[in-house]
Each structure stands twice: as structure tokens, then as C-alpha cells.
Amino acid sequence: MAIPIHTRSYQCEAFAEDDGRLRVRGRLVDTKEQGLALVDGEPLEIHNMVIDLYVDPGTFEIVEVAASMDTHPYDLCTSILADYQQLVGLSISRGYSRRVKELFGGPNGCTHIGALLQAMGPVAVQANWSLVNLHEDLESLAGERGDAEDRERRVRLNTNTCHVWREDGPQMNAVSRGVAVSPDWEIDRLNQLGADAG
């Protein structure tokens with residue numbers, strides 16, 4: 001029988017702020033399932049860290065950062081938190097992961113916050129699609145989504161991010177021909193709601 005000894009959980013959420021910004025919140029929690037092992041065997045939280053990235057959805061630029069460590073191993077750990085203000089002005093789309101590693105890799109940052117930041121970039125991109133459609137009614141969701149410039153920007157952000165969105169693939173080929181491409185889950189939901197998913 002396997003004995004659980006360590007659990008790491010990432011939670012990434014995105015919120016539409018009242019001022020129009022996108023807030024991406026990441027939380028990392030590490031738990032030693034056996035606690036101090038031979039001494040008590042009770043689960044022990046060893047890391048609980050949160051970072052909020054406020055993003056301008058029009059440019060994908062990070063405009064504000066807030067970071068905290070609720071649980072950390074050493075008092076010295078929190079001394080790096082102010083350094084994460086270097087994220088302000090950084091694009092959270094293209095080149096984001098590389099830049100995070102350059103700024104905060106190794107002795108320049110907290111390895112755990114670095115891993116969390118890596119997980120948060122794709123969440124911001126995914127959330128942007130929802131942010132654009134947040135206030136549209138069901139009928140408009142079934143048809144065109146946003147203006148042409150916004151659709152072009154979102155397609156550009158997805159280009160070459162995975163095999164489905166490779167620039168010479170069938171998905172991009174369809175987009176370039178003006179064919180609306182919607183995820184299967186979106187089509188299914190619109191059909192369930194009685195909207196014409198096209």
C-alpha cells in the first residue's frame with residue numbers, strides 16, 4: 001500500500017474587476033501528509049502562498065501585483081515578495097513564462113511562487129475569452145463574439161500555443177477562411193440553452 005507523503009495543490013482563478021481589469025489569483029499549498037512523520041503523523045501545511053496579477057485585458061499587460069505568504073518555512077522567505085513588483089508592465093501572453101524564469105529563477109526568487117506564476121499565465125489567456133463575452137446576452141453569444149479587432153487579437157494570442165492552434169493547421173485554416181470556430185463544450189452548452197450554436 002502506498003503512503004501519501006506530500007501534496008501540492010495549485011488553484012488559479014480569474015475575476016472581472018469593477019474597473020474592467022482582469023484579476024488572476026493563484027494559490028499554492030503544500031502539505032506534508034504525514035506531518036513530522038515519526039513524531040505525529042498529522043498533516044502539516046508547509047507552504048500557502050497567494051499572488052494576484054491585475055491585467056489590462058486590452059493589452060494583456062500586468063498593471064498591478066499583490067503577493068503574500070500565509071505559511072512559509074523561514075522568516076526570510078517573505079523578503080522576496082517586493083521583488084515580484086517587477087512583473088508590472090510585463091505581458092502575460094507571449095514570452096511570459098520565459099521572462100518569469102529570467103526574472104525569478106534560481107536565487108532571484110521563490111521557487112514555489114515561480115511555479116505558481118507559470119501556471120497562472122494560461123489561466124489569464126483562457127479567462128480573457130470569458131471576460132470579453134461576460135456582458136453579452138445569450139443571442140449574441142450564439143453569433144459573432146466581440147468586434148473584428150478583438151476576435152483577431154484573441155486568435156493571434158492562441159496562434160502556435162498548441163497543436164490545434166498551429167498556424168498551418170486546420171483550425172487556423174478555418175479561421176483564415178472566416179469560419180467561426182467554437183469549442184465543442186461551448187456548442188453543447190448553447191444547444192442545451194436553446195441557442196443556435198451555428
Side-chain angles (χ1 to χ4, degrees), residues 1-132 134 154 157-158 160-162 165:
M1 179 176 116
I3 298 172
I5 57 175
H6 188 99
T7 300
R8 168 166 285 190
S9 64
Y10 294 96
Q11 182 177 14
C12 297
E13 302 173 278
F15 302 90
E17 293 292 307
D18 290 341
D19 60 7
R21 296 181 302 172
L22 173 68
R23 176 168 51 104
V24 182
R25 168 169 278 193
R27 179 184 297 274
L28 176 147
V29 177
D30 278 330
T31 306
K32 294 292 187 190
E33 301 302 334
Q34 301 304 312
L36 299 176
L38 300 176
V39 178
D40 66 358
E42 292 296 316
L44 178 66
E45 182 180 273
I46 63 167
H47 294 119
N48 188 334
M49 304 171 173
V50 175
I51 191 158
D52 285 304
L53 303 178
Y54 294 83
V55 178
D56 177 338
T59 64
F60 263 43
E61 183 176 298
I62 298 169
V63 295
E64 185 181 340
V65 176
S68 64
M69 295 182 177
D70 295 334
T71 307
H72 48 85
Y74 309 104
D75 286 343
L76 192 56
C77 290
T78 59
S79 67
I80 197 70
L81 290 177
D83 289 15
Y84 289 97
Q85 294 305 311
Q86 294 176 70
L87 291 164
V88 173
L90 184 69
S91 170
I92 201 162
S93 59
R94 300 283 178 189
Y96 169 77
S97 295
R98 176 186 46 78
R99 191 69 180 124
V100 165
K101 288 177 188 175
E102 289 171 359
L103 288 170
F104 308 112
N108 297 326
C110 168
T111 187
H112 312 298
I113 288 183
L116 180 57
L117 286 168
Q118 297 288 329
M120 293 170 69
V123 173
V125 173
Q126 289 289 313
N128 190 55
W129 291 80
S130 298
L131 187 65
V132 168
L134 183 62
R154 290 192 288 172
L157 285 171
N158 278 291
N160 290 325
T161 56
C162 74
W165 286 100

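- We find the CG-OG distance between L81 and S79 to be 8.0 Å, quoted to the nearest 0.5 Å.
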Quick one: do M49 and D70 satisfy side-chain contact (heavy atoms from CB on, under 4.5 Å)? Show the steps, please. CA-CA 6 Å; M49 304 171 173; D70 295 334; over 6 Å; no

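- Looking only at side-chain heavy atoms (C-beta outward), Y54 and I62 stay at 4.5 Å or farther from each other.
- Interatomic distance, CD1 of I113 versus NE2 of H72, reported as 10.5 Å (0.5 Å rounding).
- Taking the side chain to side chain contact (heavy atoms under 4.5 Å, CB included) definition, one finds that L103 meets it with Q86, R99, sequence neighbours left out.
- When all heavy atoms of V63 and V55 are compared, the pair lying nearest together is CG2-N, 4.4 Å.
- Across all non-hydrogen atoms, the minimal contact from A115 to Y10 is CB-OH, 3.4 Å.
- Put simply, the side chain of V123 does not reach to within 4.5 Å of the side chain of V125, judged on heavy atoms.
- The closest side-chain donor-acceptor pair between T31 and E45, if any, does not fall under 3.5 angstrom.
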When you look at V24 and D52, which way does the side-chain contact (heavy atoms from CB on, under 4.5 Å) test go after all the steps? CA-CA 6 Å; V24 182; D52 285 304; over 6 Å; no

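- Minimum interatomic distance between L116 and C12 (heavy atoms only, all atoms of both residues): CD1-SG, 4.4 Å.
- Contact detail for A14 and L22: the closest heavy-atom pair is CB-CD1, 4.0 Å.
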Pair R27-V29, side-chain contact (heavy atoms from CB on, under 4.5 Å): steps then yes or no: CA-CA 7 Å; R27 179 184 297 274; V29 177; 3.9 Å; yes

For L28 and R8: C-alpha separation, side-chain torsions, deciding distance, then whether side-chain contact (heavy atoms from CB on, under 4.5 Å) applies. CA-CA 7 Å; L28 176 147; R8 168 166 285 190; 3.7 Å; yes

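- Separating the CD1 atom in I5 from the CD1 atom in I3 is a distance of 9.0 Å, to the nearest 0.5 Å.
- A search for side chain to side chain contact (heavy atoms under 4.5 Å, CB included) contacts involving T7 returns E33, not counting sequence neighbours.
- Here the side chain of Q85 pairs a donor or acceptor atom with the backbone of V65 at under 3.5 angstrom.
- Among residues at least two apart or in separate chains, there is no salt bridge (charged side-chain N to carboxylate O under 4.0 Å, His left out) pair with a member in residues 112-130.
- Heavy atoms of other residues, nucleotides or ligands lying less than 6.0 angstrom from CG of D75 number 12 at most.
- Side-chain atoms of D56 and R21, non-hydrogen and from C-beta on, never get closer than 4.5 Å to each other.
- Scanning both residues, I80 and C110, for their nearest heavy atoms gives CG2-CB, 4.2 Å.
- With a 4.5 Å cut-off on side-chain heavy atoms, T71 and D30 do not count as touching.
- Within the structure, every pair that satisfies the ring-ring contact (aromatic ring centres under 6.0 Å, His included) test and touches residues 90-120, not counting sequence neighbours, is listed here: H47-H112, Y84-F104.
- Of the possible polar contacts, one joining the Q34 side chain to the P4 backbone as a donor-acceptor pair under 3.5 Å is found.
- Applying the side chain to side chain donor-acceptor pair (under 3.5 Å) test to T111 and every residue at least two apart in sequence or in another chain returns nothing.
- Scored by the side chain to side chain contact (heavy atoms under 4.5 Å, CB included) test, S97 finds Q118 as partners (sequence neighbours excluded).
- Checked for salt-bridge contact, R25 and E13 miss the test: no charged N lies under 4.0 Å from a carboxylate O.
- Within the 4.5 Å cutoff, the side chain of I46 has heavy atoms near those of the H6 side chain.
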